[in-house]
Colleague: 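The structure that follows is given in the form of structure tokens.
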Amino acid sequence: MKITVLGCGALGQLWMSALHKQGHEVQGWLRVPHSSCHVSLVETDGSTFTHTFMANSAEFLTDSELLLVTLKAWQVSEAVRALAARLPAASPVLLLHNGMGTLDELRSVEQPMLAGVTTHAARRDGNNVIHVACGTTHIGPVTPDAQDYSRLAALLQQALPDVAWHDNVNASRWIKLAANCVINPLTALYNCPNGALRERPEEVREICCEVALVMEREGYHTSPDSLLYYIEQVIESTAANISSMLQDVRQQRHTEIDYITGYLLRRARAHGLSLPVNSRLYEQIKRKENEYERIGT
Ligand code: KPL
């Protein structure tokens, strides 16, 4: 299969390598155009895989049978809209990013859209990408014309297991959103690894209560306790991790807060709910982000 991977960060490089090893033809697409993308991946068993991929070939894009998007949420809509015009109309677009809300910005895209969440962990270390931990990728259709693409899950499963297909993937996306609403802003504000949130059970619970309210209104059966149980497990299993939002703040990059807590607040508003705890966290992160973005311009 011919696949273009949009976004060549740690996760993008992980997927490019895994798909290439399965015999797929893969190119990378970088926002700052380059003709190639060199990947040096350290696998979970310590072995190394290196390969130089073709990048930003418009010709390859026009024949691509899948566009796999691994950009940060705030980069997605502009980049996907720019490529969709040159991608075959029947080739699906699979979005793999933290947060939600990009689909609202991609309504004009005619390709079938799928979305997913992953618990694979990968990070950059100098010129290398380290595949820190294996995980599961949950994918499914988010537009009606994408319902027949369950074969994609089998293809991706061969490359980078585990991959699970869900007819209603938004339930999994909301649960991941809940974890991100708790862990990302708190770790970014307290400048701590995920595991340090064990010491802040009250704040974690308050956020879970508000997220559960919105999820119920959105039609997903949940409770503060079940979210709390799940999020405590994520905190344990990623205890040594520096969350993506804390990494962004430390490197003074734009964060995904508008697609995490920001999305939650937009959905709450639509249901006439006010979420004081999440609103405060949103404002605190925006203030931090504005401080360094103002200085940087
Ligand atoms: O997805 C994550 C992130 O850092 O963005 C979590 C689940 C919080 C793991 O670090």
Side-chain angles (χ1 to χ4, degrees), residues 7 9-15 44 69-76 95-102 115-125 129-139 160 162-164 169-201 203-205 207-208 210-211 215 222 226-264 278 281-282 284-286 288-289:
L11 198 61
Q13 292 193 21
L14 179 62
W15 276 107
T44 44
V69 184
T70 61
L71 293 169
K72 292 273 188 182
W74 57 271
Q75 301 170 327
V76 167
L95 305 176
L96 281 185
H97 59 72
N98 269 344
M100 292 174 79
T102 50
V117 288
T118 189
T119 56
H120 277 278
R123 67 173 167 82
R124 274 182 188 277
D125 184 9
V129 164
I130 319 277
H131 186 189
V132 181
C134 290
T136 303
T137 304
H138 302 267
I139 67 165
L160 192 60
D162 289 330
V163 177
V169 73
N170 281 340
S172 308
R173 296 177 77 212
W174 263 99
I175 290 171
K176 177 77 192 309
L177 186 81
N180 288 132
C181 282
V182 172
I183 299 173
N184 294 33
L186 288 181
T187 53
L189 290 171
Y190 293 122
N191 191 18
C192 65
N194 296 356
L197 299 183
R198 293 176 188 124
E199 318 300 322
R200 301 188 177 273
E203 282 160 280
V204 170
R205 169 169 274 287
I207 301 169
C208 286
E210 291 189 353
V211 177
M215 282 182 71
T222 190
S226 63
L227 287 184
L228 193 60
Y229 178 74
Y230 169 71
I231 290 165
E232 280 171 354
Q233 283 182 323
V234 178
I235 291 173
E236 283 309 319
S237 63
T238 64
N241 275 27
I242 299 301
S243 76
S244 56
M245 193 170 287
L246 176 52
Q247 290 179 42
D248 288 340
V249 166
R250 282 184 177 170
Q251 293 179 41
Q252 307 210 329
R253 290 187 303 232
H254 197 65
T255 72
E256 294 180 297
I257 194 73
D258 286 307
Y259 294 85
I260 297 177
T261 314
Y263 181 76
L264 176 80
N278 282 282
L281 287 172
Y282 176 78
Q284 285 173 306
I285 296 292
K286 285 310 270 187
K288 230 178 212 311
E289 201 180 64

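Counting starts at 1 for both ligands and their atoms, in listed order. Below, all heavy atoms of this structure are taken into account, side chains as well, without hydrogens, waters or symmetry copies. Nothing fancy with the numbering, it's 1 onward along the sequence.
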Colleague: Can you tell me the protein heavy atom closest to atom 8 (C) of ligand 1 and the distance?
Modeller: Asn184 OD1, 3.3 Å
Colleague: May I ask you to identify the nearest protein heavy atom to atom 6 (C) of ligand 1, giving residue, atom name and distance to one decimal place in Å?
Modeller: Asn180 ND2, 4.0 Å
Colleague: So, 4.0 Å and heavy atoms of Met245: is ligand 1 close enough to count as a contact?
Modeller: no
Colleague: In sequence, state the C-alpha distance, the side-chain angles, and the governing distance for Tyr190 and Glu199, and then conclude on side-chain hydrogen bond (donor to acceptor under 3.5 Å, both in side chains).
Modeller: CA-CA 11 Å; Tyr190 293 122; Glu199 318 300 322; over 6 Å; no
Colleague: Indicate the ring-plane relationship of Trp174 and Tyr263, choosing parallel, tilted or perpendicular according to the 30° and 60° boundaries.
Modeller: tilted
Colleague: Quick check on contacts: which atoms of ligand 1 are under 4.0 angstrom from a heavy atom of Ser243?
Modeller: 4 (O), 10 (O)
Colleague: Around atom 5 (O) of ligand 1, find the nearest protein heavy atom and jot down its residue, atom name and distance.
Modeller: Ser244 OG, 2.5 Å
Colleague: Which ligand 1 atoms are under 4.0 Å away from a heavy-atom of Asn98?
Modeller: 1 (O), 3 (C), 5 (O)
Colleague: If you measure from CG on Asp248 to CD1 on Ile242, what distance do you get to the nearest 0.5 Å?
Modeller: 12.5 Å
Colleague: Check the orientation of His120 and Trp15. Use parallel for under 30°, tilted for 30 to 60°, and perpendicular for over 60°.
Modeller: perpendicular
Colleague: At a 4.0 Å threshold, what atoms of ligand 1 neighbour a non-hydrogen atom of Lys176?
Modeller: 1 (O), 7 (C)
Colleague: Roughly how far, to the nearest 0.5 Å, is CD1 of Ile183 from CD1 of Ile235?
Modeller: 5.0 Å
Colleague: Of all the non-hydrogen atoms in the protein, which one sits nearest to atom 10 (O) of ligand 1, and at what distance?
Modeller: Asn194 ND2, 3.0 Å
Colleague: Working to the nearest 0.5 Å, report the span between CD1 of Ile175 and CE of Met215.
Modeller: 5.0 Å
